[in-house]
Protein chains: 2
Amino acid sequence: MSYDNAKRASGTAMKTGIQQTIHAELIAVLVAVTGSVPRVLTLADGSALPAGPLELTHRSLQAGVRAWVERQTHHPLGYIEQLYTFADPTRGATVAGDQAERSISISYLGLTREIASGGDTVSWQDIYRYFPWEDRRSDPTLIERTIRAEMGRWVGTSAERAARVNACFGLDGSPWNEDLALPRYELLYEMGLVREAARDGQSKGGEFIHGAMMQADHRRILATALSRLRAKIKYRAIVYELMPESFSLLELQRCVEALAGQRLHKSNFRRLLASQNLLEETAHYAPGVGRPAKLFRFRAALLAERAIAGTRLPIARP
Amino acid sequence: MSYDNAKRASGTAMKTGIQQTIHAELIAVLVAVTGSVPRVLTLADGSALPAGPLELTHRSLQAGVRAWVERQTHHPLGYIEQLYTFADPTRGATVAGDQAERSISISYLGLTREIASGGDTVSWQDIYRYFPWEDRRSDPTLIERTIRAEMGRWVGTSAERAARVNACFGLDGSPWNEDLALPRYELLYEMGLVREAARDGQSKGGEFIHGAMMQADHRRILATALSRLRAKIKYRAIVYELMPESFSLLELQRCVEALAGQRLHKSNFRRLLASQNLLEETAHYAPGVGRPAKLFRFRAALLAERAIAGTRLPIARP
DNA sequence: CTCATTTATACTCAATATGAGTATAATGGA
DNA sequence: TCCATTATACTCATATTGAGTATAAATGAG
């Protein structure tokens, strides 16, 4: 961290020998919500996220991701956001003469609407297939019933571990915080309760809790995306990208509930929406089993103001 | 984005020809708050952030940043968080035979306490030296007075541009949002009102607003750090890392104010602190000019619970 | 055709949180 | 001793939130 380094770094390409050669890979987490199911686009029958190398033709990282997704799905990608960059030390770290090799992965979160993607093993998967404990809409006691005993074993008599588990999983007085999806996954990994831990040689064997495994650390990346998304819907109107042109208020509520993994209080949710002035009425109604619901759309001006309003979550209890 | 790519990506090192060779650089934004001044560690007399290449000896990206900072400052680094990764298309994008070269920068935010750093041109600089308009503690009307006319010229008759400026800078009815430090800097760049824009050939010439320039896009990275930090103090107790062992409530308030760039309401700030149960009293008092203030420290248990409480900002008006 | 069922929408009300300000307590120094 | 200065403790009106009830507009069974 010397001045020389800084000068080199901000100049043109560095070609000195100290530095190693690196391969960069882009990973995309594409999310869509259909009805009440939050989905992610996967490859290999749900065991991997779309990924590929950064190519020279890409003007920027974001442009690289966009290019792929649009080539693959023939669908323009709306909102897109960088998630995280990591350099896995265990993979690709081989030295060959003067040149050392290493792989860096840069992940992105994109929001779309679900479309039929014609590929061999390409498919949209329910996100909660990978994190069953994150879906508390129908049964918020899943953790209480299935995971708690296993966690207790790991905690043992350590007060510090107990505090961490309670804070992450909302046990013993702590409130449940939906944003903590990533810390929860990481904690389960550390406890050896997800299959990836055993695969990577971290687990001492024992019970695994439900949840489908993915290649490499793709499931961790997906957890990062879920965390980010849940935090963001509370202060940015990004649901926009996930909804059709017009929709009923209940449909919008179901979409937010799907992402948050929580039931929301109906009238309070509507009051919040009204106070934020995000929507405008259309002249149409959605037919259905009961009284027809008025259809709404997002206000056109919203696109310009993007940076503003927040959608906080009025949580409902059964 | 085919299944083949995904398989390659998640296997061992990729050596096929499609992919280009990449250099990775790590950039650190080290922040400390001393008294009422938020500072950042810089090189080259305040014109660059500490940066250097990713080395093979680094187990992970974070470990790489930690290693440097600790080697340079001889001070253990507490909180550290990844900011953003970007691949500048304009620098280092040269093709040489089969091998193409490109540079990727990965930036990190770290929190410390300020210490004398014995280096030639290494220094701690007031962050608001780079973003004078972000400090609204003494004079919240700076934008109103100095920048507005210039912005008006760029807006012209475009309603969309006007809406964007108003939302970003809290003009014309929109509330000021301190988290938007990055969008604000980006908007000023787009408008050609910061010197970097002229250097990069984006500006059409004209008045520049105050604020010191930095090499490459380091000032943009610093804006990213400020945005992230301001957003985060509202929902995570990270001020912890910036304060000494024990401190008075007013000192803590001054620290938060320095980061937020806003004055806070004294008694409401204290009420918020009390309700969150973050602090505990010590037996000591700080001597000073008036009545001595009781000294507090962060509760030990806080470290374990880290993931919890939020510190919202009760804004004060003069 | 009537009524139970289902969903939509409108209101109400208590509890809590927030913004803003006043009153009182300890200091050191003129 | 009194005053300037900072600390700490209360007060109070208003806004926001959580939770729930009442009424409206459809469908379909009988």
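In what follows, chains are A, B, ... by sequence order, proteins preceding strands, each numbered from 1.
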Atom CZ of A/Arg254 and atom C1' of C/dT7 are separated, to the nearest Å, by 11 Å

Are B/Arg230 and B/Trp176 in a cation-pi setup, meaning NZ or CZ lies under 6.0 angstrom from the ring centre and within 45 degrees of the ring axis?
no

side-chain contact (heavy atoms from CB on, under 4.5 Å) filter on A/Glu257, not counting sequence neighbours, yields A/Arg137, A/Gln253, A/Arg254, A/Arg263, A/Leu264

note: B/Phe269, atom CZ; C/dT18, atom P; distance rounded to Å ~ 14 Å

The nucleotide from C/dT12, C/dA20, D/dT6 with an atom nearest the side chain of B/His265 is C/dA20

CE of B/Met243 to CG of B/Leu111, rounded to nearest 0.5 Å, is 13.0 Å

Task: pair A/Tyr130-A/Gln125: side-chain heavy atoms closer than 4.5 Å - done: yes

Hey, what's the ring geometry for B/Phe298 with B/Phe247, parallel, tilted or perpendicular (30° and 60° as the breaks)?
tilted

Interatomic distance, CG@B/Leu229 vs CG@B/Leu242, rounded to 0.5 Å, equals 7.0 Å

Separation of D/dC12 atom P from B/Asn268 atom CG, nearest Å, is 16 Å

Extract from the structure each pairing of a protein N or O with an N or O of nucleotides 8-11 of chain C at less than 3.5 Å, listing the distance.
| unit_1 | atom_1 | unit_2 | atom_2 | d |
| --- | --- | --- | --- | --- |
| C/dA8 | OP2 | A/Lys266 | NZ | 3.1 |
| C/dA8 | N3 | A/Arg291 | NH1 | 3.4 |
| C/dT9 | OP1 | A/Lys294 | N | 3.0 |
| C/dT9 | OP2 | A/Arg270 | NH1 | 3.2 |

Taken to the nearest whole Å, CD/B/Glu251 to C1'/D/dA7 is 13 Å

Does CZ belonging to A/Arg39 count more than 12 external heavy atoms closer than 6.0 Å?
-> yes

B/Phe247 CZ to D/dA7 C1', in whole Å, measures 16 Å

Hey, does the side chain of B/Ser275 reach the backbone of B/Leu272 with a donor-acceptor pair shorter than 3.5 angstrom?
yes

To the nearest angstrom, the CG-P distance between B/Leu272 and C/dA17 comes to 10 Å

Collect all protein-nucleotide pairs involving nucleotides 14-16 of chain C in which both atoms are nitrogen or oxygen and the distance is under 3.5 Å.
none

